[in-house]
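Have a look at the structure below, then the notes.
Counting convention: from 1, in listed order, for ligands and their atoms alike. Side-chain atoms are counted along with the backbone in the values below, which use heavy atoms only and exclude waters and symmetry mates.
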Amino acid sequence: MSEFDIIQRYFTNLGVSHAETVIGVGDDAAVMNIPEDSQLVTTVDTMLEGVHFFKKTPPALLATKLVAVNLSDLAAMGAYPKWAMLSLTLPNIDHDWLQSFSKALSKLLTRYDVQLIGGDTTKGHFAFSLSVFGLVPLNKAILRSNAQIGDDVYLSGTVGDAAIGLQITDRKLEQYQLDDSHFLQALYQPEPRVKMALMLADMMHSCIDVSDGVVSELQHIAKASDVGMEIEINKLPLSKPYQHFIQQGGHYDYALYGGEDYELCFTIAPGQETMLGYIAEQCGASLTKIGTVTDSGTLHLTLNGEPVNVNQSGYDHFT
Ligand code: ADP
Ligand code: MG
């Protein structure tokens, strides 16, 4: 089977079909109309076998995660997701794998109103990357650099579960009684906060998605905005299974430094709790205040009011 047959069979007409798409899969490149009152927002994420997944990881989980990590980045910019491009490098042609991957990818793209408009297919070491494209109203992208002194700092959902899931796949933490399926679900099937980010877009001063750990993301916002932060560790939103882990003598490090949560971390002007409560309810995920933005210039962590050192940063591929 040729490269063209693979594209035709597995990667044509995936996801939705948008009126703004002039040319999708099939020509040398895709063509889209960008509405005059919008700006294009784009990002790409790569997954490598051996680093981000294993040969045996089910293709549907890979597709789910690939879409989630990319849409999470668009969400953190306040962008409405529209298009995606898939770059796929396969060691061999495995029709069962391609079939499952394509089906799951299409389902996920459809759920988030995204159209696959192209990509690239090559033979080599197992890897893939997805580029996504979204639209924001003119000059309304939410940046890391706009946190204001006096803002409240918020997290969506819960943090730390994916990092514990990763430990479980490495057969660590076996001395604890853990709800494995909960943590593995968090690792493999994160839910990008697309709807929530769009509902919050007019309120957020700054936003970042939690891919490398809460502390690392807070430091990014603090640095880009030239502000400090006071964060209370005891306020971090933890799932019931994570709380159970703490009760058994577990620690907060996975929540602070773990990464791959794909939650929104953002700052907003104080006093908007009622609206936040409404949005949380509409989106079926919590919104939790974890601290405030200060003029100190650095990130200060406290645990039950006592100062705690910031001792690690998030996962970094080069260290
Ligand atoms: P070219 O050789 O001109 O780069 P390709 O054969 O790579 O063209 O691709 C032909 C068409 O198929 C293009 O529209 C391209 O974007 C699309 N395409 C290739 N691989 C994929 C893929 N894995 N998923 C989606 N579209 C793809
Ligand atoms: Mg090509």
Side-chain angles (χ1 to χ4, degrees), residues 1-35 38-75 77 79-135 188-192 194 211 262 317:
M1 193 179 225
S2 76
E3 179 197 327
F4 305 107
D5 296 327
I6 292 173
I7 296 165
Q8 177 66 33
R9 186 145 153 198
Y10 299 111
F11 298 109
T12 304
N13 298 325
L14 263 61
V16 301
S17 170
H18 283 303
E20 296 94 332
T21 311
V22 184
I23 299 287
V25 171
D27 211 311
D28 291 308
V31 181
M32 299 92 82
N33 289 322
I34 306 300
S38 298
Q39 285 171 317
L40 190 65
V41 180
T42 183
T43 181
V44 60
D45 256 297
T46 301
M47 291 175 73
L48 300 171
E49 194 234 326
V51 180
H52 304 96
F53 68 97
F54 308 104
K55 262 210 176 68
K56 288 199 173 133
T57 311
L61 292 186
L62 296 177
T64 306
K65 184 128 186 192
L66 189 64
V67 171
V69 302
N70 276 287
L71 293 191
S72 177
D73 279 323
L74 284 190
M77 301 301 288
Y80 189 98
K82 297 286 279 190
W83 298 286
M85 287 207 136
L86 173 71
S87 171
L88 196 56
T89 307
L90 301 168
N92 57 295
I93 295 172
D94 175 342
H95 286 287
D96 289 341
W97 191 94
L98 281 164
Q99 182 62 46
S100 306
F101 182 80
S102 159
K103 196 174 152 203
L105 185 64
S106 194
K107 187 173 144 200
L108 261 291
L109 293 177
T110 302
R111 179 181 304 165
Y112 294 104
D113 203 28
V114 175
Q115 177 176 13
L116 189 72
I117 49 166
D120 197 26
T121 309
T122 50
K123 187 171 177 179
H125 186 81
F126 208 0
F128 35 92
S129 67
L130 193 74
S131 308
V132 288
F133 305 82
L135 297 176
Y188 288 121
Q189 298 184 283
E191 200 183 317
V194 176
S211 52
Y262 302 107
H317 283 273

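Formation of a donor-acceptor pair under 3.5 Å by the Thr57 side chain with backbone atoms of Phe54 is found in this model. Of the possible donor and acceptor atoms, one in the side chain of Asn70 sits under 3.5 Å from a partner among the backbone N and O of Asp45. With hydrogens and angles disregarded, a donor-acceptor distance shorter than 3.5 Å links the side chain of Thr42 to the backbone of Val132. Judged by distance alone, the side chain of Ser106 and the main-chain N or O of Ser102 form no donor-acceptor pair under 3.5 Å. Proximity of a side-chain donor or acceptor of Glu49 to a complementary backbone N or O of Phe126 within less than 3.5 Å is not detected.
Listed by atom number, the atoms of ligand 1 under 4.0 Å from Val25 heavy atoms are 12 (O), 14 (O), 17 (C), 26 (N). Contact atoms of ligand 1 toward Thr121: 19 (C), 20 (N), 21 (C), 22 (C), 23 (N) (distance under 4.0 Å to a heavy atom of the residue). Interface atoms of ligand 1 facing Glu3, defined by a heavy-atom separation under 4.0 Å, are 5 (P), 6 (O), 7 (O). The contact set between ligand 1 and Asp28, taken as ligand atoms under 4.0 Å from a residue heavy atom, comprises 3 (O).
Contacts of Ile7 with ligand 1, taken as heavy-atom pairs under 4.0 Å, involve the side chain alone. Only the backbone of Asp27 comes within 4.0 Å of ligand 1, judged by heavy-atom distances.
Contact between Phe4 and ligand 1 is present, with at least one heavy atom of the residue lying under 4.0 Å from the ligand.
Remark: ligand 1 and Gly119 share an N or O pair separated by less than 3.5 Å (distance only, no angle test). In terms of N/O distances under 3.5 Å, ligand 1 is not approached by Gly24.
Nearest approach of Leu66 to Met47, heavy atoms of both residues: CD1-SD, 3.7 Å.
The closest side-chain heavy-atom distance from Trp97 to Leu62 is below 4.5 Å.
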